[in-house]
Amino acid sequence: MTSEAKKPSPTWCVLPWIHLFVGESGALRPCCMTLEDPAMVNRDEDGNPCLVYAPEGIEAAWNSGFMREMRRDMLAGRRPAACSRCFRDEDLGIRSHRHLSNTLFAKHRAEALQHTTPDGASPTELICSLDIRLGNRCNLKCRMCSPVSSRAMLSDYAALYDLARNDERLLKLAGIDWVAKPEFLHTFEACATRAERLHFSGGEPLLMPEMTSILEGLIERGQAPGIELHFVTNLTILPERMFELWVCFKSLGMVVSLDAIGALAEYIRYPLRWPEVDRNLKILDARAASINCNSLHLNVTVQVYNVLALDELVTYSVNELPHFGRPKLSLLYYPEAFNIQVLPPEVKQLASERLARLAKRLRAGWPGHWPAEETADLIGTIEGIIEHMNSADRSDLLPEFRRWTEILDASRGEDVQTAIPELSPLFDYE
Ligand code: SF4
């Protein structure tokens, strides 16, 4: 390759060279941002998804036609179809996962480019970051989730899509168990020997016995001190055993998925109990330094149910969680009926005003204890959310939003008009 060709292009992302992402089903994808499109799974020549627990390992999958084409696209300045989420965020002025990853792994850039063959192949030896979703065992059934990520949602999906309980697709999701397979553990151990960053999510990783044994194995093999560990958790539980294991690693990063506080948190993330999560958040905040936890954030899925209450959640994080960085606000695109573009103009107007007030407060220097670039990032994201919400009218999906809400309310014994009075007019049929 010429030196010119070795230069990263404007669409280049380091992840397809150094990062292994495993989805809940065990299928390989380029990264967590490519989950929204079911077609964007790494596939073999026969079109079958490449699986992390394949007996033959991941060598062939790492350089499948899918992966090689993605790398070639990136080197040529094209936007790979699988990466539409990142480029959509960037077009809104939001700092994308691609931007963050290229900054985080900048030191691997030269090596990645140097080892790429003209057809886009790259050696597995460069994999140094693993992001593994350990199946779909979860104790919550968040309204915007699906049985792919939480098997607790199976009955809700049966009702939403009028499926029989023994529907083949539901049964398949109920039986995800690859995390315990020796083939997975073999591949994981091989990749982990070179890992500098391990990221676990679920399902709910802190619930899973395999999570404990995976961490114990890394400690026993002497790898833990070289590994930055990261978790995405709903923090409904916080086992003491985890603190004993976490402290053995180089560092810990925690992202806590939370979309609101108090009763609204319980409404969106049923059957979450807010006093328990509030307590666990404060324990984690207070003990962060003792477990080398240098990165703590809330991750907020911005959707119809919480867009009016984001200021409240950010204020809670500032006031109650002093060791947490700025909350990460992630726009929801699926399910489409929960996209904030669905809301009527008067609700969008109210949400825009509240978000603009929040951005103004941040611009004025509040809260003061976050790094300047984090505050700037949050302001940019808030502006992107306002723009996204007002840039399209998807009120055609309001009937579907009402249908989902009413089915979920009925199955959980909840009532949207009580939980979010400001959305009451949307459900007032008189
Ligand atoms: S560009 Fe975005 S979606 Fe594509 S691999 Fe990089 S981070 Fe993932």
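Start at 1 and go down the list; that is how both ligands and their atoms are numbered. Just so we're clear, the structure is a prediction, and the values are computed from it rather than from any experiment.
- Between the side chains of Asn139 and Asn234, a donor-acceptor pair is found at a separation under 3.5 Å.
- Tested against Pro367, the residues Val314, Asn319, Leu362 include a single side-chain contact (heavy atoms from CB on, under 4.5 Å) partner, Leu362.
- The backbone N or O of Phe324 lies less than 3.5 Å from a partner atom in the side chain of Trp370, making a donor-acceptor pair.
- Applying the salt bridge (charged side-chain N to carboxylate O under 4.0 Å, His left out) test to pairs two or more places apart or on separate chains, those with a residue in residues 194-208 are Lys107-Glu196, Arg197-Glu228.
- Within the 6.0 Å centre-distance limit, the rings of Trp274 and Tyr316 are counted as a close aromatic pair.
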Practice prompt. Decide salt bridge (Lys or Arg N to Asp or Glu O under 4.0 Å) for Arg241 and Glu216; before the verdict, give the C-alpha distance in whole Å, the side-chain angles of both, and the deciding distance to 0.1 Å.
Written response: CA-CA 11 Å; Arg241 177 68 180 139; Glu216 287 169 346; 2.9 Å; yes
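- Atoms of the protein (N, O or S only) found under 2.8 Å from atom 6 (Fe) of ligand 1 are Cys13 SG.
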